[in-house]
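Remarks on the structure that follows.
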Amino acid sequence: MSKNKLLLIDGNSIAFRAFYAVQNYESFKTKTGLHTNAVLFFNNMLESILERESPTHVLIAFDAGKTTFRHGFFTDYKAGRSKTPGEFKEQMPYIRELIEAQGIKHYELMDYEADDIIGTMAKREANENCEVVIVSGDKDLTQLADDHIRVEVTSRGVSELVTYTPDFIQEKYGLKPLQIIDMKGLAGDSSDNIPGVTKVGEKTALKLLHEYGSVEGVYENIDELKKSKMKENLINDREQAFLSKKLATIDTDSPIEVEMSSLAYSGKDLDKLVPFYREMEFKQLLSKLDTSGMTGESETTEEIKFELVTSSSDITADMFSDEMSFYVEFLDKNYHNADIVGIAWGDTDKLFVVPGDEALHSTVLKEWLEDETKVKNVYDAKANYVLLNRYNIQLQGVKFDSLLGAYLIDTNDKSEDLADLAFNHEYFALETDETVYGKGAKLAIPEETVLADHLARKAKALTVLTPQLMEKLADKEQSDLFFEMELPLSKVLADMEIAGITVNAQRLQEMKQEFAIRLADIEKNIFEQAGEEFNLNSPKQLGVILFEKMGLPVIKKTKTGYSTAVDVLEQLKEQAPIVEDILTYRQIAKIQSTYVEGLLKVIHHDGKVHTRYVQTLTQTGRLSSVDPNLQNIPVRLEEGRKIRQAFIPRDPDWQIFSSDYSQIELRVLADIAKDQHMQDAFKEGQDIHTSTAMRVFGVPTPEEVTGNIRRQAKAVNFGIVYGISDYGLSQNLGISRQEAQTFIDKYFEKYPDIKTYMEEIVREAKDKGYVETLWHRRRYLPDINARNFNIRSFAERTAINTPIQGSAADILKIAMIEMAKRLKAEKMAATMLLQVHDELVFEAPKSEIPKLEALVKEVMENAVSLSVPLKVDSSTGNTWYEAK
DNA sequence: ATGATCACG
DNA sequence: ACGTACGTGATCATG
């Protein structure tokens, strides 16, 4: 009969070590906010020890209850321990679940510690035919070491183990294993609150034990000792020494009801472990699991079969079926001018790859792509529309977009690479683009077969991911959000991006000359006042001039030095005229570099700028705009606003038309908070800030609301939408925190339903781990139960703000889809060009403007039905500047 | 790559 | 007591 090997693990001590294996456990969290660091490191430690030892039997022992038999004779046993963090406690049930999924038994016994279970099992089972290995984070267990029992103690977290055999203990301490107990008797153990003898530590204890062998030996020969303080302490603490020894002695005869045969280890329980890893979001571990033996699981490594087509004339109709995945590869993020590296399409039965843009010259492919009845499942539909449009192909029949779907399921899942996305959804047979193409200067397209394999795998991944993602969307009630809102929107956005907006480069050139002269002028002025030349664009150098050379008071500091931000400079401008000039310089320099020069750089050959709306980025559901960002073109200050003069219609006979929602976020708030007062104000068409001013500040009539009071009310309304704090409001209004708090108190008194909404939404977020918009757009808030006040507060404000900002974003998206539909139905020439969060910008022939105005108003105001009316303001002009 | 600053809703 | 408003992107300087 072959020899057995029993592995005994001290569950509590390893779990504790695992928890502290990393400094920052906040980064190990599931999207619902559950910490997983201890589970993860426990798992890793367990797997490495199982691999190293190959045990035939395994048991993991835990402490049971708060007290043990040791408390019976020493109430302060283990007292004074700082209480275990909640982040650790919450993980203990999951560690037990992990152990079960790993196919291992765990055991605990009332009134006994894990040590006693281990000690009893070890002494009971260890013999010639059974080797015992004990693993703990605690050296106490080394007392059990003998010829058949080896004790492994973790060091450096849980990554390394130190082996304690009798020989090793002899070498290290000059003691036999059982004398470890005597050492504790004399030296004590602060972590378990074992007292030991006063002033006796490990060194003294060792000296005594080398001489007298045991605690008993020391006291039998106590008279031999020379008179000393130590001798006095030994005599005084005699009782304590024996008690300490008793406390440190592991009970090797505890009443354990575990049969060796029940501990037989036969490997992981994959049917439990896979779902468990998924719950813990251990993606790396999942990818390493060999799930081939599991029912319904795909294999981790797979050969992929595909047909490489190198000539467009070889593309034939029989290569297409009614539903297929379709993938277009391009490496330049800006798909408005990116080259196509290759395309791939296929389904579960077959895959086809064509390198380069060869395929796009195939009429067979074009016909399939443009056939609405042929279903395509893609990755980044919007990019596909834009890219194919450049080849005169009007893509139709897109049913699913994995990028868009994954984003809706979890907005944090911002996988720019299909491989990352696939990985996050447990599909592993795909390399990342960085691996295949390299990055930076090393970016290169590999040889044809390697490229083709990669692209085939992408198409294959889409085939696997599509049904999975669709199911996840359905589970979250997000099918309508996807199919009715986001996917149709991707086509609308593609058309807007393709349309582009015409920019008057000449106007920008004029401005550039003008600003250059002014900047040089101001710069000269500043250098004269400073008495030296320096880099005005460097906050660091500017800080030295202002706060060191000129001795101005430091109002605010940043991580790296003095703050020279606007609000700081505003406060300093009375004290030195240079500050006013710096502010002017900053303002003009910003306009010049970001807008004048920036825009000139991105004008295409068609005289237009073509932004890209990023549909899968923001946490709230808003769009973002890049290359160039057309959602932050200056408007507030006249100087910058002039930039808008450069945005013109495509034809002199056309005009720019702009419509924006009035107070959409506050209207959404009035609706979702069900606040009657706020709803009434909107229904009656009142100015909302004036209405707020009247209620909060007790002004009887609208006429008596002064500009200043309205300004304050407006700031309070903004604050409410952002998840108000007294500090934030005080900063915004330049008032004291106390005054700001008074405003907030009064506001909540007058709008109790708003207060209730805020409390409810935060409670809901804490409960569910996420918040939702009116159209089920979801944002997870893992920090909502954080112990750190700042982190938690931030998540609470986010919980308040996201449904408001996100629902408003949803409304504009719905309006955009309807608007595109209506423009087409009415066969209008008018074109939707830009979206700026609550505003839509069009260009249209002058003659069409009246019709457009009526249509846009109707569509936007009736896009959705809330308990308050939606209102839009519109304007027309020969440039965007004039359409205000 | 990161932080500071400043443009927008 | 804690130290902040919510959501973005581009540019410049600097490590």
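Letters A, B, ... are given to chains in the order of the sequence lines, protein chains preceding strands, and every chain is numbered from 1.
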**Report entry** Given A:E772, A:Q619, A:E486, the one that forms side-chain hydrogen bond (donor to acceptor under 3.5 Å, both in side chains) with A:R777
**Finding:** A:E486
Query raised in the report: For the salt bridge (charged side-chain N to carboxylate O under 4.0 Å, His left out) test, which of A:R586, A:R644, A:R518 pairs with A:E639?
Result: A:R518
Query raised in the report: Mind checking who C:dT14 pairs with, Watson-Crick or G-U wobble, both distances under 3.5 Å?
Result: B:dA1
Query - Close residues, residues 578-586 of chain A, relative to DNA chain C [heavy-atom separation under 4.0 Å] - result: none
Requested in this report: Kindly indicate, with the supporting measurements, whether the criterion side chain to side chain contact (heavy atoms under 4.5 Å, CB included) is fulfilled by A:L666 and A:F718.
Outcome: CA-CA 9 Å; A:L666 286 171; A:F718 266 95; over 6 Å; no
**Report entry** Within 45° cone of A:Y727 ring axis and under 6.0 Å: A:R737 NZ or CZ
**Finding:** no
Requested in this report: Taking only heavy atoms on the protein side, list every residue of residues 588-602 of chain A lying under 4.0 Å from any atom of DNA chain B, sorted numerically.
Outcome: A:K590, A:Y595
Requested in this report: Please work out whether the ring planes of A:F697 and A:F743 are parallel, tilted or perpendicular, with thresholds of 30° and 60°.
Outcome: perpendicular
Query raised in the report: Between A:R622 and B:dG9, is there a side-chain N or O to OP1/OP2 distance below 4.0 Å?
Result: no
Query raised in the report: B:dC6 and C:dG3: how far apart are their C1' atoms, nearest whole angstrom?
Result: 23 Å
Requested in this report: Could you tell me whether A:S793 contacts a base, only the sugar-phosphate backbone, or nothing, with contacts defined as non-hydrogen atoms closer than 4.0 Å?
Outcome: nothing
Report summary line: Testing B:dG9, B:dA7, B:dC6 for proximity to the side chain of A:V635, the answer is B:dG9
Query raised in the report: To the nearest Å, how far apart are A:N535 CG and B:dA4 P?
Result: 17 Å
Query raised in the report: Is it true that A:K556 and A:D567 have a side-chain N and a carboxylate O under 4.0 angstrom from each other?
Result: yes
Query raised in the report: Under 3.5 Å, is there a donor-acceptor pair between the A:Q529 and A:D581 side chains?
Result: yes
Query raised in the report: How would you label the contact of A:N632 with the nucleic acid (heavy atoms, under 4.0 Å): base, sugar-phosphate, or nothing?
Result: base
Report task. Just call it for A:R641: base, sugar-phosphate, or nothing, with non-hydrogen atoms closer than 4.0 Å on any strand. Result -> nothing
Query raised in the report: What integer distance in Å separates A:F718:CZ from B:dC8:P?
Result: 13 Å
Query raised in the report: CZ of A:R636 versus P of B:dA7: gap in Å, rounded?
Result: 9 Å
Requested in this report: Looking at every strand, decide which applies to A:N732 at a 4.0 Å heavy-atom threshold: base, sugar-phosphate, or nothing.
Outcome: base
Requested in this report: Determine the Euclidean distance between corresponding C1' atoms of C:dC2 and B:dT5; express it in Å to zero decimal places.
Outcome: 27 Å
Query raised in the report: To the nearest Å, how far apart are A:N629 CG and B:dG9 C1'?
Result: 11 Å
Query - First-last contacting nucleotides on DNA chain C - partner chain A, under 4.0 angstrom, heavy atom - result: C:dC2 to C:dG15
Requested in this report: Please work out if A:D660 contacts a base, only the sugar-phosphate, or nothing of the nucleic acid, heavy-atom cut-off 4.0 Å.
Outcome: nothing
Requested in this report: Classify the side-chain pair A:Y613/A:Q631 by whether it contains a donor and acceptor separated by less than 3.5 Å.
Outcome: no
Query raised in the report: Closest approach of A:V864 and A:I811, non-hydrogen atoms and distance?
Result: CG2-CG1, 3.8 Å
Report summary line: Between A:T798 and A:S725, the residue closer to the 5' end of DNA chain C by nearest nucleotide is A:S725
Query raised in the report: C:dC2 pairs with which nucleotide, Watson-Crick or G-U wobble, both distances below 3.5 Å?
Result: none
Requested in this report: Indicate, with a heavy-atom threshold strictly under 4.0 Å, whether A:V721 touches base, sugar-phosphate, or nothing.
Outcome: nothing
Report task. Just call it for A:I724: base, sugar-phosphate, or nothing, with non-hydrogen atoms closer than 4.0 Å on any strand. Result -> base
Query raised in the report: Hey, does A:V614 reach any base, or is it just sugar-phosphate, or nothing, if we go heavy atoms under 4.0 Å?
Result: nothing
Query raised in the report: So what does A:Q541 touch, heavy atoms closer than 4.0 Å: a base, only the sugar-phosphate, or nothing?
Result: sugar-phosphate
**Report entry** Cationic tip of A:R612 above A:Y335 ring, under 6.0 Å, 45° of axis
**Finding:** yes
Query - Value in whole Å for how far the P atom of B:dA7 lies from CD of A:E839 - result: 18 Å
Query - Greater than 12 external heavy atoms within 6.0 Å of A:K29's NZ - result: yes
Requested in this report: Looking at every strand, decide which applies to A:S563 at a 4.0 Å heavy-atom threshold: base, sugar-phosphate, or nothing.
Outcome: sugar-phosphate
Query raised in the report: At under 4.0 Å between heavy atoms, what does A:A795 touch on the DNA or RNA strands: base, sugar-phosphate, or nothing?
Result: nothing
**Report entry** Whole-Å distance separating the CG atom of A:L834 from the P atom of B:dG9
**Finding:** 13 Å
Query - cation_pi(A:R779, A:Y770) dist<6.0 Å, angle<=45 - result: no
Query raised in the report: Relative to the ring of A:F547, is the ring of A:Y562 parallel (under 30°), tilted (30 to 60°) or perpendicular (over 60°)?
Result: tilted
Query raised in the report: Once you round it to whole Å, what is the distance between P of B:dT5 and CD of A:E570?
Result: 14 Å
**Report entry** Length of the line joining A:K559:NZ and B:dA4:P, which is rounded to integer Å
**Finding:** 6 Å
Report task. Measure from NZ or CZ of A:K884 to the centre of the six-membered ring of A:Y881 and say whether it is under 6.0 Å with the direction within 45° of the ring axis. Result -> yes
